[in-house]
Each structure stands twice: as structure tokens, then as C-alpha cells.
Asker: 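Here you go, one structure.
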Amino acid sequence: MPYELPKTYDFKSAEARIYAMWEVGGYFKPWNDPNKPGFNPNIRPFVISIPPPNVTGELHLGHAMFVSMEDLMIRYHRMKGYPTLWVPGTDHAGIATQLMVERALAAEGLTREKLGREKFLERVWQWKEKYGNIITQQIRRLGASCDWDRERFTLDPGLSRAVREAFVRLYEKGLIYRGPRLINWSPGLRTAVSDLEVEYSEEQVTLYYFKYMLADGSGEYIPVATIRPETILGDTAVAVHPEDERYRRYIGRKVVVPILGREIPVITDTYVDPTFGTGALKVTPAHDPHDYEIAQRHNLPMISVLDEIGRMNENAGPYAGLDRFECRQRLWADMEAAGLTLRTEPYITSIPRAQRGGEIIEPMLSTQWFVRIKPLAEAAIEAVRSGRIRIVPERFEKIYYNWLENIQDWCISRQLWWGHRIPVWYCADCGKETVVREDPTQCAHCGSPRIEQDPDVLDTWFSSALWPFSTLGWPEETPDYRYFYPTSIMETGYDILFFWVARMIMMGLEFTGKEPFHTVYLHGLVRDEHGQKMSKTKGNVIDPLVVMEQFGTDALRFTLLVGSTPGNDMNLSIKKVEANRNFANKLWNAGRLVISLLEKAPQEPVGSAEWTLADRFIFARLKTVIADVERLFQNYQYGQAGQLLYDFFWSDFADWYLEIAKLQVATGGDRAFYTAERCAQVFDAILRMLHPFVPFVTEEIYGHLRRAVLEHSAHLCPLSGTWSEVLIIASWPEILPEEGGEETAIKDFERLRELVRAIRNLRAEKGVQPTQRLAAVLVTGERLYETLQEEKSTFAALARLDEARLTIHAHLDTKPEKHVALVEGELEVYLPLADLVNREEERQRLQKELAELEAQIQRLERLLAGEFAQKAPPHVVEKERQRLEEAQRAAEKIRRQLE
RNA sequence: GGGCGCAUAGCUCAGUUGGUUAGAGCGUCUCUCUUACACAGAGAAGGUCAGGGGUUCGAGUCCCUUUGCGCCCACCA
């Protein structure tokens, strides 16, 4: 026994070994490399840039999903023969990483301020060195076939240069500007965040009604409501609708800000909805976007009352220094004491919260850097609208348009330290900005050396937006950039369509003049098995590493890939992973069997090379599977393709063809040699097509299979390509030409299959003992009979599939008295079960069957008599007509039985 | 307020140019440790494809509508 393969596939020992073999073998690299001799620039490559995970992050199912998906695409194209490049890398993830390090510092009783900027950054880099390769190691465990020599990090010198270049170019073009605006401020993070980083949640809050007293001492007041009483301190007007009769007499008069005593005007603005609330609106320009706009229209002063950590500032008078929420309570209590309150009521509204951290975001007046995004957005819209970029699934195109058409300027400055520092220097003398590619030593305007760099850094997504080209060398015209850019497919989750995808398209078009990729493939989110979002607090988090440890990487990958559809969330259940572990094991065992068949069969071409029905069936099926898989891959229906392969392998190849082949070889029939080889050929094609889904187990089996072929059947050719050293670079099965007769082979085999099933069924129903040896007689009609005559061995094999070693002899015009008849289309089989069966029961069974057939005949007759026959396409009508004929024949046979 | 998705077997889901008796995995029930695999094999039960209407010879699939769940965008104090 040259091969002693264990009964169970041992993924634990296989995976690391196989991955190392691939990596060391250099198979992850594009075979056509612009940096190497022999490079041919005319062959189009297939390229994916990885969505860079947070450098200090840890693997979760979202990563597992995109790695599985992208590795599938990459492996498929590699086997198709494309020079294939998958660029890996990580993202510095400004806020997330900085928070982690700050938390670690806090444990030592330190803060970043105490440490100082330089020391702090050193600490973050140390942190990055320590934890930065965990995530990439974990991605390797998933089988990712990235070119690790081309790994990038967003803070690498090269990428930092790209960021600097991009900033300067946009600045020079007037697309980047600095100015005071109302922005989203995160008091906990002490930074501005973009609109996208604010999430709204429906919450119950209190709505406070109070009196805005007229300043003239008349005792009259305007009732106003607010959910944020502390902002009263920053009010600079009360606005009413110009047509509102109730408040007409107050217009132009003054009211008094509670407690502070400031006098502010009553103005009119059509923004105010007189039917909502009290119909009067307090205007706080520095802390509300709408109020901000009103203030601009009316030239109102803007008074900030909050500081950067969410405390009241000096404008809050007696409340200065209080936390915003504490102030809210105190102020209200004071107003109550002063008789200025009316009432409070519960109120449900959406509250803005920080995407990271979840604290309440405050709109604040602040000077920040912005990208004037509209001109970029227009080009990005056009790229998709023209079809130069396709989004899969298509419905996301609408969402994409909708966002870009209503886009607001992008606030790109962050008051953080970890990130790309804004390349702007301010002059202490002339006050002007110097924005240059190389760090300046003096002001570009007045030459003063007294310049200072902007302390802020850029939004992490600014560097991410450049990722597809910055990782390839841009702004340098490197060989990689020239050859591999633009990339092919951008595969990522739909949740970052705006954050990332849209911005990459905008920046790609702006800086390279090309769409950074031709297709955007969006996958859904992975949820738990009941559709709940996974979260630590719910305790329903599935750790991919644990799953891989328990069931193997292939099982996890196959689960994520099959049964998920583009753009739709998927629910992951461990049961499914387990089932797919079983699938991998089934593959393994099929491999063991095929290898043992090769060993058992003669080593030289002897015996009959004639094709059996089973042979023709499995090759015919293989042809359609190859073609269907190809079509599904073209349409990004990877899940469907995987399912198809799963079914073909298990239900056709393993359950039927291999069972037949086993008997052929075991009985030492004259077909043993060719049968073994045909098994190997079909199985090899299956392995190749499954490789992108389950790379480890297929590679492992392939290695053994290849060795067996070389040792026992050295002349044997695979159906496509050659026996390459490793499966990862084996060629993808080509669509085989039709030779005629495929359809018939499939149909005939399926009929026999049905017959065998019917026999098994009957046996099960009648409780025939498995040990009981039975003889049976088969009667066939026309074509199939002839087919079977020349396919005796197949026929025998099929017959022996039954557990009872049921032997079926082919005879025409045989109708034994005491047999039980089974009719399957044109086939009849007689089983000598009469002794076991009550005659009357058997009659009833046949009658029931006949009734069913007659109902079907009626239905079909009615169908074919109606408009269907005229209006439906001929081949559809023909199909139904055949069905009818079959049913009629079968019914006739049963009637004869019943006579 | 605007937009999108989902609703198919007990559970989780496939089902992309509409083709007529709707599939898988898991679970349940029978039987089998048969010489690749009990992580298996053979068989069974289980669905008016959310409700209603329409288009069509024909609808799980297309259109309209109702209900329920979920998501995105906008954010009326």
C-alpha cells in the first residue's frame, strides 16, 4: 500500500504546510511581472487591492468574508491563466488605533498630552510593530493568496508621499480649503468627524417648554421648546414664521435669554414650521445646522457655549465649566425657580452619536479643512452612469448616485496625532499658508522662517481613497503602476460604499484620470444564525479563528461563499460550517477511493475502452457543469457555482459514478483500466473547479492524486492542461465541445437511476431483508433496451448498487407471474416479491399509481389542447408532449399488469 | 419624509433573460457500522413560495397594492 491516507481529512496538519508550500513556491506572484525579465506588457492582468484592515485589528467574520471572496476571484483568474495580483496591506485607522494606545496609556496613568506628540507617536509605532502583523497572519490562515512582498501600510513613506501629493494637488486646484464651519464634534474623541461618521439613533428624550420673556417688561412671552436647554445660553434670536398671526406682534421686538439676561431679536424665517411645536424656534447658530443657516441669512452673531470636551465655556456665564448634561439640569432648575418654565414632555427623536464610541455628537463652530467635493462627485457619477464602472448588485448604483448627488463638503481634518499630518504651514509673520510637497523651512510668501505646521492630521479615509493606486507606486510612474493599474474588481462590504468605494472612484478619476477598477462587488454583512448583528454584549460573536480551528478553513470559506448572495446579509450558523467540514471530508474520501482504483486497476491500457452509459453520463454532466460554472462566474454568482459543484460532486459523481466504478474495478471486469482513469479525470476537473472555494483540501488531495497518476497511469492526461506540480496554478477546466448524444446519455442514466430508486423504495416499503438475495427481471422498451444491451457491464453495475446485491437480468417479453412490477417511464422491472406482498395490496398500489398517471395525462392533454400549444415556444411544447407520451406508455403498462 | 432589501419545508437559506409536479443543508422518522467516507449510505415525512389584485398560453420569478421585519439617506426645534 503506497498510500496510507487516513480515513478523515486532517486539516490541522495540512493547512499551514500547504500555505507555506504555496508561499515559498512563489505561486502568489503574478507570472508576468513588469519588474522581471521577459515581461510582456500586452497581457492584461487581473488585480485586486485588498480592503486594508485596521493594522492593530483582529480577525472577525467580515474579514473572513472578504478574504474568502477575493481569494476565490484571485484563484479563479490565476487558474484561468491571467497574471494575477492581489495587493495586501493594512490601514493605520487613525481614531481606532489612537484610542487603543491611549487606553493602554491610561492604564499607566498617562495621557497623550503628558507624553507629548513625538513620544506618543513613538508609542503608537511600537504598538503597531507589536500587533501589526497579527491581522496579516490571520489573513494568511484563511488561505489568502496575496503577494506579500507587495504588502503596504497607509503610513509607509511611499503612501505618505501619495497622500501629500494628493493634498497639494487638490489645494492648488482650489478643491481644498480651510474655514470656520459648523461641524460634527466628538467631545470624547476631541476631534471633528465627517458627516458619515455620525450615526443617528431613535431615542426617547425630554422636550422642554419654556418662556422667552419680552424684554419690555410687559410680562408677555413667546413659548419655545427645546431638547437641549443648555443651548439656550447660546441663543441669538427667536424665529417665527412671517405669516404666523400668533406671533406677528412680537416681530422685531426683543426677548431676554433666561438667566443670562441677554437681549435677542424676534425674527421671521420661512424655515419655521408654524404647525410644529409652539411655532416659535430658538436660534442657536453655533450648535445647530439649521440655526446656522438662519443666522447667516439674518446676520446673527454666533455664540459657542461648549468647549472641546463638552463642557460649558465662558459664554455660559454662571454655568461655565459644567458638563453639558449637568448644565442642562441646573439651568432648567434655575429657570423653574425663576418661573420661566412651562412644562416638559417625553419625546422621541433621533440623536446623533459617534460611530466610534457612541457618545452624543455636538454640532460646533470650528475651523477645519474641507474638500470641495461636488466637482469630483460629478465625474464619479458619470463613471458609473456610463457603465465604465459596474456595481454588483446593481441596486447599489441608485444608492451611490443618491449619495453623490447630495454630497456635502468633506471635513478632512482630525484633531488627532496618529495619521498623515496636514501639509500646511502657517506663517507667524504674514499669516499666510504654505502648502508644499517637501517640508518647507520658510514661508513661501514672505520668506519668514517663523512657520509652524498645522497640528491636525487627515481623516483616515483620505489615504484609503488613494489605496488602489498609492499601493502600486503612484505618484511615481512605477512599472507596477503602469502595468497593474487600473485594478480589476473592488470587492468589499456595502457598508463602506460611501466611506471608501465612492471616494476611491472620485480620487482615482481625479489623480490618475482612470477608473480605479471596472467592477465593484459588494458583499453583505455576516450575522448570527438568527439574523442578529454580532456583538460582544449579546455574546453571539462567532470567532472565525475558533471556527477554523474546529472545522477547518475550507469549511468556513465554503460556508461564507455558498449561500450568500451579493449585497445581501448572510446568517452564519455553525451547523452549516459543520456540514461543509463534512463536504471537505467527503472530497478527501472520494480522493482516497479514486487513488485506490488507480492502484487496483491494471497499469497498462488493457480491456475495453468502450464508453459505458455511466461514463457517458458523467462526462456529459461534467460538460454542462463546466459551462454553467463558467457562466455563473461571469455573472458573479459564486455561491450558485459552489452549490452546483457541491451537488455534482456529491450526488452525481460520488453517489453514482464512483459506486459503479468501484464495482467495475473490484470485479476485475475488462473495463477496470479505463474506468479508473475516467474517475481520475473527472475528479481532477472537480478538484480544479472547487479549488477557489476550498483551496486546502483540494490542493492536498491533488498532490496525492497526481502522485498516484504518475505512478500508476503515467500516460493519463487531465481533461484540460497538464498535471501541474500544484493545484493552485493548474489550469481551469475548459468548456468541452459537444459530441452529440450528451442529452440522451443523461436522460437514459437518470431513468435507470429512477428505476433503481423505485426498487429501493419498494424494498424499503415492503421491508425486504437486506440479506435476502433477489432476482429480478427488467423489461425495457425501444431505445433504452438497445442502449442497455450494449452496456451490459454498466447495467450489471447499476443493478448491483442495491444493497441486497439485487441482480437484474435483461429479458424482453418476460412477465413472470408472481413478480411485482415497477414501471419507470419506458422501463419495467419485475421483482420476485410476490410472496412477501399481499396480492390485493399490490393491486391497490398499482391502481393508485395509475390514478396519478391518469391525472397527469389529463392535465397535459388539457394543456396541449389549449393556447399553450400555439403560443409557447416549440421546444417547450415538445417537452410537454414527450412527457405526455411517456405517461401514456407507463399507464398502458400498468393497465396490462392489472388485467 | 425619501429610497432599498427581505418574507419560499420545523430552522437557516438557494432559486438572474417568466416554462408549467419548487431545491439544498440542518433537524425529524425508518433501515444499514456493505471492502472511500457513520464527518457515511439507502429511504420517508414536510411547502396554497406573506395576503390581495393584475399582465401572460404559463408567475416563487414581471407590475400594482396591503401587512410584517430589517437597512440606508435626510434630520422639525
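These numbers come from the heavy atoms of this one structure, side chains and all, not from hydrogens, waters or symmetry mates. Computed from a predicted structure; not experimentally measured. Residue numbers start from 1 in every chain, and the chains themselves are labelled A, B, ... in the order their sequence lines are given, proteins ahead of strands.
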Asker: Does Lys398(A) make a side-chain N or O approach to OP1 or OP2 of C4(B) shorter than 4.0 Å?
Answerer: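 For C4(B), OP1 or OP2 has a side-chain N or O of Lys398(A) closer than 4.0 Å.
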
Asker: Hey, is the side chain of His290(A) poking within less than 4.0 Å of OP1 or OP2 on C75(B), counting only N and O atoms?
Answerer: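 No, because none of the side-chain N or O atoms of His290(A) sits under 4.0 Å from OP1 or OP2 of C75(B).
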
Asker: Are Thr565(A) and A14(B) close enough that a side-chain N or O sits under 4.0 Å from OP1 or OP2?
Answerer: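 True: Thr565(A) side-chain N/O within range (under 4.0 Å) of A14(B) OP1/OP2.
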
Asker: Answer yes or no: does a side-chain N or O of Asn589(A) lie under 4.0 Å from OP1 or OP2 of A40(B)?
Answerer: no

Asker: Can you tell me if Tyr646(A) touches the phosphate of G25(B), counting only side-chain N or O atoms and a distance under 4.0 Å to OP1 or OP2?
Answerer: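 Answer no for this pair, as no side-chain N or O of Tyr646(A) is under 4.0 Å from OP1 or OP2.
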
Asker: Return no unless some side-chain N or O of Lys576(A) is found under 4.0 Å from OP1 or OP2 of C26(B).
Answerer: no

Asker: State whether Lys871(A) places a side-chain N or O below 4.0 Å from either non-bridging phosphate oxygen (OP1 or OP2) of C57(B).
Answerer: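 Indeed, a polar side-chain atom of Lys871(A) lies that close.
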
Asker: Could you give the distance separating A14(B) and G1(B) at their C1' atoms, to the nearest angstrom?
Answerer: 36 Å

Asker: Ignoring hydrogens and angles, does a donor from either the side chain of Lys586(A) or the base of C37(B) sit under 3.5 Å from an acceptor on the other?
Answerer: yes

Asker: Tell me whether the side-chain N or O atoms of Arg395(A) pair up with the base of C4(B) as donor and acceptor below 3.5 Å, since no angle test is needed here.
Answerer: no

Asker: Is Thr349(A) near enough to A77(B) that one of its side-chain N or O atoms lies under 4.0 angstrom from OP1 or OP2?
Answerer: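 Looking at the OP1 and OP2 atoms of A77(B), one of them is under 4.0 Å from a side-chain N or O of Thr349(A).
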
Asker: Establish whether the base of U16(B) is bridged to the side chain of Gln637(A) by a donor-acceptor pair shorter than 3.5 Å.
Answerer: yes

Asker: Side-chain N or O of Lys7(A) less than 4.0 angstrom from OP1 or OP2 on C39(B)?
Answerer: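 No, no such contact exists.
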
